Structures are given as C-alpha cells and as structure tokens.
Amino acid sequence: MSKTSQQNIATDANGVSVIHTQAHTSGLQQVPQLVPVSPGGGGKAVPPSKQGKKNSFVDRNSDEYRQRRERNNMAVKKSRLKSKQKAQDTLQRVNQLKEENERLEAKIKLLTKELSVLKDLFLEHAHNLADNVQPVGTETTTTNPENNGQ
C-alpha cells in the first residue's frame, strides 16, 4: 500500500491558514488543522472579541483614554458599592431571622409548659370523675338497723 496524501492550504479572513489533508490509503478524511500565519510560529489563538483590536500604543494623555478610564472607574465603584450593599442586606436579614428564631423558640417553650399544665389538669379531673362515678348495675344498699325487726 502506498500513502498518498493531498494538501490544500488556504487563508481565511482572520489571517489563519487552514490545511485540508486527504489521506487516500485509509479511506478516512482528516480534520482540517488551524495553523497561525504569524512569522513566529506557534502563537495563541486570538479570541473573536479581540481580533479587531490592534496592539497599538495607547496614549494615556488622550481624551478618549481618560474617558474610558473614568467610565471604568465609575463602573468599578458602582459594582463595589452594590456588592457592599448586598452583603449588608444579607447580614441584616440574618440578624432578623436570628431574632425571629429566638422569639419562636421562647414561644414554643411557653406553649409546651402550658400544654403540660393543661394535660395535668385534665388528667387530674378525669381521675376524680372516675373515682366518683359508680359502675352501672351495682347498687349500694344501706340497711337501717332500726327497720330490721318490724
């Protein structure tokens, strides 16, 4: 078997060379490979968001730069204030929930004591009723010694 391969090299719009290779011996087609066109060779791929930007010198004294920095500084301040406010709100909510939990636990203790007292009263009352009630069908006869001989 002979290995025959064919390569087509094309450059896309982003300046990246695409090599299309076809291997005839195995019957399989290889996946296209992306190769950077830079003279240095193996550089990193550039994300699409930064492809349009060039690494040109940034004039730190320009009005555009100052405006961008000012907008960024305002955004950072706003973000930090928002984060700080969120943390304060969370802490306040935690404290409220702790207080509510303590109140509810105190209420539970009070209601548990009240329930215990009421149970004791009920059981005492039920016991007293049971002692005073005579079973049905049993009558107590009292004999009067004065009426016996008449």
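Computed from a prediction, not measured in an experiment: that's the story for all the values here.
- A search for side chain to side chain contact (heavy atoms under 4.5 Å, CB included) contacts involving Arg66 returns Arg69, not counting sequence neighbours.
- Residues satisfying the side chain to side chain contact (heavy atoms under 4.5 Å, CB included) test with Glu70, not counting sequence neighbours, are none.
- Hydrophobic side-chain contacts under 4.5 Å tie Leu123 into a cluster, directly or through other members, with Phe122.
- Surrounding CG of Asp63 are at most 12 heavy atoms belonging to other residues, nucleotides or ligands under 6.0 Å away.
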Counting only pairs under 3.5 Å, give me each side-chain donor-acceptor contact of residues 77-96, with atom names and distances, residues two or more places apart or in other chains.
from: Gln85; atom 1: NE2; to: Asp89; atom 2: OD1; distance (Å): 2.9
from: Thr90; atom 1: OG1; to: Lys86; atom 2: O; distance (Å): 2.8
from: Asn95; atom 1: ND2; to: Leu91; atom 2: O; distance (Å): 3.4

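- Asn128 meets the side chain to side chain donor-acceptor pair (under 3.5 Å) test with no other residue; sequence neighbours excluded.
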Check: residues 99-119 side-chain donor-acceptor pairs under 3.5 Å, at least two apart:
from: Thr112; atom 1: OG1; to: Ile108; atom 2: O; distance (Å): 2.6

